[in-house]
There are 4 protein chains.
Amino acid sequence: MEPRKQPAQARSAETVAAIVEAAARILEDKGFRGYNTNDVAARAGVSIGSLYQYFPNKDAITKALLRRETEPLSAALEQAGDAPSLAEGLQRFVQAAVAHQLRRPVLARLLDFEEARLPLQAEVGALGDVGAKALARLLARHGAGRGAAARTASRDLFAIARGMIDAAGERGETDARDLEARVTAAMSGYLDRMKIIAL
Amino acid sequence: MEPRKQPAQARSAETVAAIVEAAARILEDKGFRGYNTNDVAARAGVSIGSLYQYFPNKDAITKALLRRETEPLSAALEQAGDAPSLAEGLQRFVQAAVAHQLRRPVLARLLDFEEARLPLQAEVGALGDVGAKALARLLARHGAGRGAAARTASRDLFAIARGMIDAAGERGETDARDLEARVTAAMSGYLDRMKIIAL
Amino acid sequence: MEPRKQPAQARSAETVAAIVEAAARILEDKGFRGYNTNDVAARAGVSIGSLYQYFPNKDAITKALLRRETEPLSAALEQAGDAPSLAEGLQRFVQAAVAHQLRRPVLARLLDFEEARLPLQAEVGALGDVGAKALARLLARHGAGRGAAARTASRDLFAIARGMIDAAGERGETDARDLEARVTAAMSGYLDRMKIIAL
Amino acid sequence: MEPRKQPAQARSAETVAAIVEAAARILEDKGFRGYNTNDVAARAGVSIGSLYQYFPNKDAITKALLRRETEPLSAALEQAGDAPSLAEGLQRFVQAAVAHQLRRPVLARLLDFEEARLPLQAEVGALGDVGAKALARLLARHGAGRGAAARTASRDLFAIARGMIDAAGERGETDARDLEARVTAAMSGYLDRMKIIAL
DNA sequence: GATGAATGAGGATTCATTCAT
DNA sequence: TATGAATGAATCCTCATTCAT
């Protein structure tokens with residue numbers, strides 16, 4: 001399921017990138033039903049044989065795409081966990097997540113679903129885990145508790161954010177600022193109500 | 001795409017029900033990858049020919065299943081919109097949603113995803129629309145505003161609930177009470193923060 | 001690797017037989033290089049889908065053909081082991097083997113080779129084992145020893161017969177009587193020389 | 001189908017040899033199913049492009065391997081035909097054949113089978129022909145007849161030897177002396193019984 | 001109505017071979 | 001001469017759907 005060949009030459013790297021992007025486009029245009037390797041290859045301007053030089057099977061392509069889309073967000077979420085204040089951490093967190101989702105909402109939603117089926121080996125944790133962990137760290141670092149309760153809270157916060165942002169993307173919202181404000185409100189409202197911390 | 005024939009006789013109704021339940025089981029066991037009409041028919045104890053007597057195509061089965069799972073919840077959500085108080089309305093709303101998701105979490109998640117692809121004609125609104133509308137009515141009836149802002153708020157509330165409940169189901173949570181409390185907290189926290197209404 | 005569906009109706013049985021025979025013909029005509037499921041189906045006058053209704057994969061077809069060709073011979077060889085005299089046993093043994101090989105020599109050779117690659121589960125022993133065992137029984141029952149030496153001898157006898165008959169088939173010999181006489185001579189000559197028994 | 005270029009330089013000869021040996025190894029390890037040019041090239045430590053510089057196509061590699069394996073044996077068998085006595089001739093013949101087969105039994109068996117499919121042009125006769133001819137010469141030179149009967153006998157003798165030695169190789173026998181004795185016994189027993197000559 | 005045999009388009013993957021660098 | 005990226009025909013197999021019985 002891993003990339004078959006490390007693209008050694010520049011040309012190869014381009015080919016790999018083209019395949020992954022083609023996969024993204026096809027998923028956006030036609031969904032999983034229309035997502036097949038022949039079309040991906042064609043859209044990438046590459047022969048089907050070349051596609052299989054770089055990816056051992058279809059899932060490997062999806063996985064590569066998943067990584068490409070997920071990793072920058074993961075990194076941003078992790079950084080948010082190290083913010084100087086809780087408020088700023090949440091803000092960064094939400095900003096990153098919103099920016100990610102509004103960039104390619106259809107794709108984000110499809111990959112989000114597919115993530116469950118594709119066992120990304122340990123190397124890349126599921127997005128949900130990464131996000132929840134970053135939030136847990138943020139809470140812990142700013143006196144909002146540790147332990148099981150804090151873990152549940154951080155998972156809930158992540159779920160709130162994901163649910164709202166996902167729905168907004170699906171609805172076609174484009175105003176990032178507004179969405180960020182609402183998501184942040186929901187998250188701090190939750191913290192408030194759960195008496196975890198008052199913001 | 002609609003059921004091909006209204007089951008006139010009791011036996012037919014049983015057959016239809018068996019097919020739909022078989023579809024549910026297969027989706028739960030093997031996901032979309034293993035979901036095919038031949039297996040559904042076999043699991044239902046029915047010939048593939050009979051299956052196609054009752055359903056014109058595969059999507060029609062999925063749709064029937066979607067309806068079967070969704071309609072009771074839709075009805076419950078609508079009722080919650082008519083509750084005597086906002087607090088009670090939210091509570092009923094969350095109770096219904098949590099009960100639904102925890103009953104068959106895997107199935108709920110898969111259908112939730114598939115809902116986007118299957119154009120249920122107007123007759124049955126998407127669950128999200130129904131839920132958001134019920135919440136909007138609830139807010140309106142208890143002095144929490146109307147108009148665009150309220151519509152956005154109700155959609156957000158629905159998204160918060162769906163996000164949290166979905167994640168809980170995926171994680172295998174089983175304590176409905178606890179989950180309900182957290183979801184309610186998140187929703188009222190949001191209303192609070194957004195200055196829509198103080199609960 | 002086993003037949004997928006027991007042909008319940010007469011029509012099905014015919015289809016299965018047609019597929020197996022088509023496989024035989026294609027192997028004879030074009031060898032393993034030209035042996036592919038699409039051509040087998042076409043030659044059987046059946047759609048590729050039907051072929052896969054009865055056989056889960058290509059090897060299963062080869063296996064069915066192997067059984068069809070091998071089982072009668074196996075049975076005949078086993079019977080030869082129970083002959084009233086050593087001479088008659090050898091004669092029957094050789095007759096059966098020669099008749100088998102001269103019937104469809106090309107096919108016999110190809111399947112003989114393929115047998116090594118296809119692990120027929122215990123049910124059907126490899127032809128070589130069956131034949132050698134029958135010969136061992138024959139020798140034992142007529143005072144030609146048991147134990148390791150007899151086992152080696154029976155394997156050698158089988159190998160002699162197979163080698164000669166195979167080569168004759170490949171060369172296009174058609175005179176069964178003559179071939180039988182030579183093979184019998186070789187086998188009894190071996191027994192003689194090895195001082196196992198004098199015929 | 002012939003080697004594309006005569007290796008003029010030493011390095012080329014090494015490359016060719018490496019390719020042929022790689023082919024041998026892969027055939028031994030994975031059989032025909034796993035025998036493909038890309039893997040052969042990789043195993044030979046050569047690029048696929050280089051492989052095709054020396055061999056015009058895959059069959060040419062197999063053929064070169066066949067020659068490499070077959071020629072020394074052919075030569076030895078021919079020499080056996082010139083032995084001073086029939087007994088010594090048979091002995092040399094069997095020794096050479098046994099030594100060949102026990103060296104790389106799996107490879108020998110595979111190539112034996114493939115020989116039928118690859119039309120080695122006249123230059124190199126099929127092993128069977130060479131062996132049978134050597135035996136025919138041996139018989140003729142020692143008063144055991146000429147003509148059709150002797151030709152048949154020599155073919156039978158070769159078939160006996162091949163059959164026994166092949167089976168022994170497949171079974172994993174390693175005791176060359178013992179095997180030689182049994183094969184010689186079978187051959188002389190045959191000559192005896194067929195009244196061709198008494199040894 | 002029910003059955004299940006049959007269909008065949010569609011899709012994943014392999015691998016011999018070429019050719020630009 | 002060597003390289004290895006690229007090619008695409010060939011092949012295995014699946015599955016939604018039809019239709020004769």
Side-chain angles (χ1 to χ4, degrees), chain A residues 4-5 7-16 33-42 45-59 61, chain B residues 5 8-9 11-12 15 33-42 46-61, chain C residues 5 7-16 33-42 45-61, chain D residues 5 8-9 11-12 15 33-42 46-61:
Chain A
R4 187 172 259 176
K5 158 192 296 192
Q9 305 178 3
R11 186 158 57 122
S12 307
E14 273 171 39
T15 300
V16 166
R33 292 294 232 263
Y35 176 51
N36 65 269
T37 53
N38 287 301
D39 282 7
V40 169
V46 156
S47 73
I48 184 66
S50 288
L51 184 151
Y52 277 94
Q53 293 256 345
Y54 295 105
F55 298 94
N57 53 48
K58 192 183 173 186
D59 274 356
I61 303 172
Chain B
K5 66 176 66 163
Q9 307 169 7
R11 187 151 63 106
S12 303
T15 302
R33 291 295 232 260
Y35 175 49
N36 65 268
T37 54
N38 285 293
D39 281 9
V40 168
V46 157
S47 74
I48 183 67
S50 289
L51 185 150
Y52 275 91
Q53 296 253 333
Y54 292 106
F55 296 94
N57 54 47
K58 191 184 176 186
D59 275 356
I61 303 172
Chain C
K5 160 192 297 196
Q9 306 178 1
R11 186 155 60 122
S12 307
E14 273 171 38
T15 301
V16 166
R33 293 295 232 262
Y35 176 51
N36 65 270
T37 53
N38 287 303
D39 282 7
V40 168
V46 155
S47 74
I48 185 65
S50 288
L51 185 150
Y52 278 95
Q53 293 257 347
Y54 295 104
F55 298 95
N57 54 48
K58 192 184 172 186
D59 275 356
I61 303 173
Chain D
K5 65 176 68 164
Q9 306 170 6
R11 186 153 61 108
S12 303
T15 302
R33 291 294 232 260
Y35 175 50
N36 64 269
T37 54
N38 285 292
D39 280 9
V40 168
V46 156
S47 74
I48 183 67
S50 289
L51 184 150
Y52 275 91
Q53 296 253 331
Y54 292 104
F55 297 94
N57 54 46
K58 191 184 176 186
D59 275 355
I61 302 171

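What you see is a predicted model; the values in this text were computed from it and never measured. Throughout, a chain's letter reflects where its sequence line sits, starting with A, and its residues are numbered from 1. Heavy-atom basis, side chains included; hydrogens, waters and symmetry copies ignored.
For Ser47(A), no side-chain nitrogen or oxygen approaches OP1 or OP2 of dA6(F) to under 4.0 Å. Not one side-chain nitrogen or oxygen of Thr15(A) sits closer than 4.0 Å to the OP1 or OP2 atom of dA5(F). Between Thr37(B) and dC15(F) there is no side-chain polar atom (N or O) within less than 4.0 angstrom of OP1 or OP2.
Picking from dC15(F), dA5(F), dC12(F) the nucleotide with the shortest atom distance to the side chain of Asn36(B) gives dC15(F). For Tyr52(D), taking side-chain heavy atoms from C-beta onward, the closest of the listed nucleotides dC12(F), dT18(E), dG1(E) is dT18(E). Comparing atom distances between the Lys58(C) side chain and each of dC15(F), dC13(F), dT17(E) picks out dC13(F) as nearest. Closest contact between the side chain of Asn57(A) and the listed nucleotides dA6(F), dC15(E), dT13(E) involves dT13(E). The side chain of Ile48(C) lies closest to dC13(F) when the candidates are dA16(F), dT7(E), dC13(F). When each of dA6(E), dC13(F), dT17(E) is scored by its nearest atom to the side-chain atoms of Asn38(C), the top-ranked nucleotide is dC13(F).
Residue whose closest nucleotide on DNA chain E sits further toward the 5' end, between Ser50(A) and Tyr35(A): Tyr35(A). Comparing Arg33(A) and Gly49(D) by the nucleotide of DNA chain E that holds the closest heavy atom to each, the one mapping nearer the 5' end is Arg33(A).
Contact check on Asp39(C) versus Lys58(C) returns no salt bridge, with no Lys/Arg side-chain nitrogen under 4.0 Å from an Asp/Glu carboxylate oxygen.
Judged purely by distance below 3.5 Å, without hydrogens or angles, the side chains of Ser47(B) and Ser50(B) pair a donor atom with an acceptor atom.
Counting to the nearest Å, the C1' atom of dT11(F) and the CG atom of Leu51(C) are 13 Å from each other. Rounded to an integer number of Å, the gap from CZ of Phe55(B) to C1' of dA2(E) is 16 Å.
With a 3.5 Å ceiling on both atom-pair distances, the Watson-Crick or G-U wobble partner of dA20(F) is dT3(E).
For the atom pair Tyr52(B) OH and Asn57(B) CG, the distance stands at 7.0 Å (nearest 0.5 Å). The OH atom of Tyr54(B) sits 4.5 Å away from atom OG1 of Thr15(B), with the distance rounded to the nearest 0.5 Å.
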Kindly indicate, with the supporting measurements, whether the criterion side chain to side chain contact (heavy atoms under 4.5 Å, CB included) is fulfilled by Ile61(A) and Tyr35(A). CA-CA 11 Å; Ile61(A) 303 172; Tyr35(A) 176 51; 3.9 Å; yes
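At a cut-off of 3.5 angstrom, the base of dA6(E) holds at least one donor-acceptor pair with the side chain of Gln53(C).
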